[in-house]
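Structure first, commentary second.
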2 protein chains.
Amino acid sequence: MLAMDGYDKYAHEPFAVTVDLAVFTLREGALHVLLVERGQEPYAGHRALPGGFVQPDESAETAARRELAEETGLSDVSGLHLEQLRTYSEPGRDPRMRVVSVAFAALLPDAPEAHGGSDAARADWVPYGTAGPLAFDHDRILADAHERVGAKLEYTCLATAFCPPEFTLGELQQVYEAVWGTPVDRPNFRRKVLATPGFVEPVPGAARLTGGRGKPAALYRAGNATTLHPPLLRPTPEGRPA
Amino acid sequence: MLAMDGYDKYAHEPFAVTVDLAVFTLREGALHVLLVERGQEPYAGHRALPGGFVQPDESAETAARRELAEETGLSDVSGLHLEQLRTYSEPGRDPRMRVVSVAFAALLPDAPEAHGGSDAARADWVPYGTAGPLAFDHDRILADAHERVGAKLEYTCLATAFCPPEFTLGELQQVYEAVWGTPVDRPNFRRKVLATPGFVEPVPGAARLTGGRGKPAALYRAGNATTLHPPLLRPTPEGRPA
DNA sequence: CCCTTTAATAGTCAGCTCGACTATAAAAGG
DNA sequence: CCTTTTATAGTCGAGCTGACTATTAAAGGG
């Protein structure tokens, strides 16, 4: 607290503060991440997480949401789930200068082809796990984000953030399977979801949706519950969970 | 990513980056927090979380551990649990300048009277909840830290970080009760702890500790497990968990 | 020296949840 | 019409949990 009491005493180079975004969505049942391609050194030609500098009048959260709108091309990102992950501040993480980056995870229901509009942001949806090594420490950030999202599916109702306003239980189950990378037993899944008050609520108009062959599925909307008690644990292949 | 590709193009004031620490310990069964008293404006006379600037060659984690050592007066803080909470970056959070603060939570087993050694750091252990309004946004940070620690007790073996190397199950239970603020059923608690492989392991020398009246309790050490599956949920007074 | 108090440890029992299934219903396609 | 496909319904036993009761081993006071 010495330094805190005497601001004029400290002598150090300033920090640049950025936000980095791990934006996830589901496309055809597979988890995808939004990545940009770097045109300049360092890491020219590598992919990277979208992000940018925090402006003087912004909080990191505000900057993250602004970047999210810019990179996805979506006009309204106000309802999207955006969550601070953690801050990466290793001295050598950017070879050019001292950059402290606040990382966020975001979830999108549908996947519009990115790099929308006129700005030069070139972002693409890439299936999770298929992008080569990313620039800077972005592999680590992305892995942390994936782990966080997977964990939050267990004890929150976050999964509906991946779904359109109306969805079937099968689609909701696909969210879990895509993020966790493991199959989920269908009858047990619907029992758990339907037994949790406020997780989903049926669309009353006896609505149903069809796109494939089988029996049409009932439609549901996201409820107002946020947490899951008890949690919906992902299957562990055996032994101690990580 | 525009700005990321052209560092020389950005023009903005630099940010100061600090760490703030919410350091918890148990004293006589009650949860305490380490707080410093501010001598200068703003918030002169208010208490605040210990913290300080991140130096140019440090990561936030390194800075946090350095501050932890300085403020507690402990010579060895390498084994202590230190965990990044989140980053607070609202533009107006410090009236003097633009400060982005990375918050950490730390857990101490015993509670040496702080402000040790010769340095001017004056830190005191204050029972949690009894300190008036804190400086800056530190009330919010402290509340977030408390919530995080309480949540992690549910699904990790973190509670042993509050205990000395050897402890009784009663002491371990006190950790849960102090952090959660609710009583815990003793037989059920020990059944759960003992049934979780790797949570605690008995000290083989039939050791026992006594300080009070009743039957002496067996001593245990922390095991090597880190997570709790299934979790040890804190009692909910009824209804939806927050 | 006994008896009360205090705290640790052991054990019981019903209810709930979960994983692993099997069975039925309702559509599409040939 | 029959097969395939997918949604939905139901069954059964194991395991965990919450709410208890009982026993054991010490300290302290009369």
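So that the names make sense, note that chain A is the first sequence line, chain B the second, and so on, each numbered from 1. In what follows, every heavy atom counts, from backbone to side chain, and hydrogens, waters and symmetry copies are set aside.
- Two residues, A:N188 and B:L169, neighbour DNA chain C, and the one matched to the more 5' nucleotide by heavy-atom proximity is B:L169.
- Remark: B:E177 engages no residue in a salt bridge (charged side-chain N to carboxylate O under 4.0 Å, His left out) (not counting sequence neighbours).
- Nearer the 5' end of DNA chain D, as judged by each residue's closest nucleotide, is the contact made by B:P230, out of B:D185 and B:P230.
- Listed by first then second residue, pairs satisfying ring-ring contact (aromatic ring centres under 6.0 Å, His included) with a partner in residues 139-159 of chain A read A:Y128-A:H146, not counting sequence neighbours.
- Contact detail for A:W180 and A:L233: the closest heavy-atom pair is CH2-C, 4.0 Å.
- As a whole-Å value, the separation of B:L232 CG from D:dC16 C1' is 12 Å.
- Separating the NZ atom of A:K215 from the C1' atom of D:dT5 is a distance of 12 Å, rounded to the nearest angstrom.
- In this model, no side-chain donor or acceptor of B:R191 finds a partner on the base of C:dG11 within 3.5 Å.
- Between the NZ atom of A:K192 and the P atom of C:dA20 there is a distance of 16 Å, rounded to whole Å.
- The NE2-C1' distance, from B:H229 to C:dC18, rounds to 14 Å in whole Å.
- Distance B:Q173 CD to C:dT9 P: 11 Å, rounded to the nearest Å.
- Of the listed nucleotides (C:dA10, C:dC18, D:dT8), C:dA10 has the atom at the smallest distance from the side chain of B:P187.
- When the P atom of C:dC16 is taken as reference, atom CG of A:L233 falls 20 Å away, rounded to whole Å.
- Rounded to an integer number of Å, the gap from B:F189 CZ to D:dA19 P is 16 Å.
- Distance OH (A:Y176) to P (C:dG19): 13 Å, rounded to an integer number of Å.
- Using modelled atom types and a 3.5 Å distance limit, the side chains of A:Y88 and A:D20 yield no donor-acceptor pair.
- Here the side chain of A:R190 is nearest to one of D:dT8, D:dT5, D:dT17, namely D:dT8.
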